[in-house]
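What you see is a predicted model, and the numbers here were worked out from it, not measured in a lab.
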Amino acid sequence: MKRRCAFTLVELLVVIAIIGVLVALLLPAVQSAREAARSSQCKSQLRQLALATLQYCDTHEGEFPNDWHVASGQASWIYTLAPFVENVDALRICPTDPLADERLKVRASSYVINNYLTAGALQAVHNLRQVESTHRTMLGFEIADDSPPDPQYEHSHAISWFNAGNVTAGIVLVKIEREIQINRHFKTSNYVFLDGHVETIPAEQIERWVDEEFDFARPQ
């Protein structure tokens, strides 16, 4: 009789275990690569929105876009920039935003404008020509994950983050994290500056700035 060659049950279990270990080792690398790609796309979108903002300012004698309070009825500050981009809907949603689909449906955005730079805030710098250092001035942030998918949540309240009451109560970081996500891309987030460049800043850097009472959103 011919001897049949086959895996024993033990050998089969060993092979399955080895495959499981290899998958466990490779999965984090695959997830990291995917998130790096999504973060890169997010940065590209923010950069295009910043360039559109500069074009808007050029055609409005330096004035910054209106926010929801001024432009009541418009879906978002980003739609003010629609004439200056090819497809605003392709830019307004971060691919890592957990509420991406919901925001897309209601014409909201994954990005909030710094209200230090809007026409609607009384304490804001309303005109590009008033900003001394555009490469050090933040234009916008990534919206907080749990911020409602509603177009009216399209601007931060950065002007009030570091007010005396919040600083005294030690709740500055709480106020910030209610509005912007500081750890969306592997404990970092993307921040777009007024000159058009985008920086990926770790959450721990934002926390240090809060501890130092450095109002990082204030125009420089």
Side-chain angles (χ1 to χ4, degrees), residues 46 49-50 53 57 62-78 80 94 97-99 102-103 106 108-185 187-195 198-220:
L46 283 169
L49 291 172
T53 300
C57 292
E63 291 294 308
F64 288 116
N66 294 327
D67 61 20
W68 177 267
H69 298 301
V70 173
S72 180
Q74 293 191 13
S76 169
W77 71 280
I78 286 182
T80 307
C94 170
D97 185 348
L99 296 179
E102 290 87 342
R103 299 194 207 281
V106 299
S109 175
S110 300
Y111 308 118
V112 293
I113 191 171
N114 178 0
N115 78 327
Y116 267 118
L117 303 176
T118 62
L122 294 177
Q123 297 170 275
V125 176
H126 298 152
N127 196 291
L128 177 63
R129 299 164 189 169
Q130 296 175 293
V131 180
E132 295 182 4
S133 181
T134 57
H135 74 282
R136 296 172 57 193
T137 298
M138 292 183 180
L139 170 63
F141 319 98
E142 299 194 63
I143 197 169
D145 286 347
D146 56 359
S147 185
D150 189 316
Q152 68 178 300
Y153 294 93
E154 48 82 73
H155 61 279
S156 71
H157 295 87
I159 289 175
S160 64
W161 287 347
F162 284 85
N163 67 35
N166 291 343
V167 172
T168 300
I171 58 173
V172 174
L173 187 60
V174 173
K175 294 291 185 179
I176 291 172
E177 290 185 310
R178 283 181 182 174
E179 297 188 334
I180 70 172
Q181 194 67 31
I182 66 173
N183 61 352
R184 175 161 289 157
H185 307 285
K187 299 183 179 180
T188 70
S189 276
N190 296 319
Y191 299 78
V192 61
F193 288 74
L194 195 50
D195 68 340
V198 181
E199 292 184 13
T200 301
I201 301 177
E204 61 181 17
Q205 178 63 68
I206 302 297
E207 294 167 357
R208 280 197 296 270
W209 283 338
V210 170
D211 290 339
E212 297 165 2
E213 297 182 15
F214 170 56
D215 190 353
F216 56 90
R218 181 185 292 273
Q220 302 295 308

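Between the Ser189 side chain and the Gln181 main chain, a donor and an acceptor come within less than 3.5 Å of each other. Remark: the backbone N or O of Ile159 is paired with a side-chain donor or acceptor of Asn115 at under 3.5 angstrom. A distance-only check finds no donor-acceptor pair linking the side chain of Asn166 to the backbone of Ile171 [under 3.5 Å]. Between the Asn114 side chain and the Met138 main chain, a donor and an acceptor come within less than 3.5 Å of each other. Between the side chain of Gln220 and the backbone N or O of Arg218, at least one donor-acceptor pair lies under 3.5 Å. No donor-acceptor pair closer than 3.5 Å links the side chain of Gln205 to the backbone N or O of Pro202.
Residue His185 comes nearest to Cys94 through the heavy atom pair CE1-SG, 3.7 Å, listed as atom of the first residue, atom of the second, then distance. The shortest non-hydrogen separation linking Asn183 to Ala203 is CB-CB, 4.1 Å. Contact between Ala108 and Pro151 at its shortest, heavy atoms only, is CB-N, 3.8 Å.
The distance from atom CZ of Arg103 to atom CG of Asp150, rounded to the nearest 0.5 Å, is 10.0 Å. How far CD of Glu199 is from CZ of Arg136: 11.0 Å, rounded to the nearest 0.5 Å. Summarising the geometry, atom OG belonging to Ser147 is positioned 10.5 Å from atom CD belonging to Glu154; distances are rounded to the nearest 0.5 Å. Taken from OG1 in Thr134 to CG in Leu128, the straight-line distance is 7.0 Å, to the nearest 0.5 Å. The line from CG of Leu117 to CZ of Phe64 is 4.5 Å long, rounded to the nearest 0.5 Å. Interatomic distance, Thr137 OG1 to Tyr116 OH, rounded to the nearest 0.5 Å: 11.0 Å.
No more than 12 heavy-atom neighbours from other residues, nucleotides or ligands sit within 6.0 angstrom of CD on Glu132.
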Going through the distances and angles, do Glu102 and Val106 end up as a side chain to side chain contact (heavy atoms under 4.5 Å, CB included)? CA-CA 7 Å; Glu102 290 87 342; Val106 299; 6.0 Å; no

The test is side chain to side chain contact (heavy atoms under 4.5 Å, CB included); show your working for Asp97 and Arg184 and say whether it passes. CA-CA 8 Å; Asp97 185 348; Arg184 175 161 289 157; 4.0 Å; yes

Could you go through the side chain to side chain contact (heavy atoms under 4.5 Å, CB included) check for Leu49 and Leu139 one step at a time? CA-CA 10 Å; Leu49 291 172; Leu139 170 63; over 6 Å; no

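For the pair Ile176/Phe141, no side-chain contact is recorded, criterion being any heavy-atom separation below 4.5 Å from C-beta on. A 4.5 Å side-chain heavy-atom check between Trp77 and Thr53 finds at least one atom pair inside the cut-off.
Applying the side-chain hydrogen bond (donor to acceptor under 3.5 Å, both in side chains) test between His157 and each of Lys175, Arg178, Glu179 identifies Glu179 as the sole match.
Ring geometry for Phe216 versus Phe162: interplanar angle over 60°, hence perpendicular rather than tilted (30 to 60°).
Ring centroid separation for the pair Trp209 and Tyr191 does not come in under the 6.0 Å cut-off.
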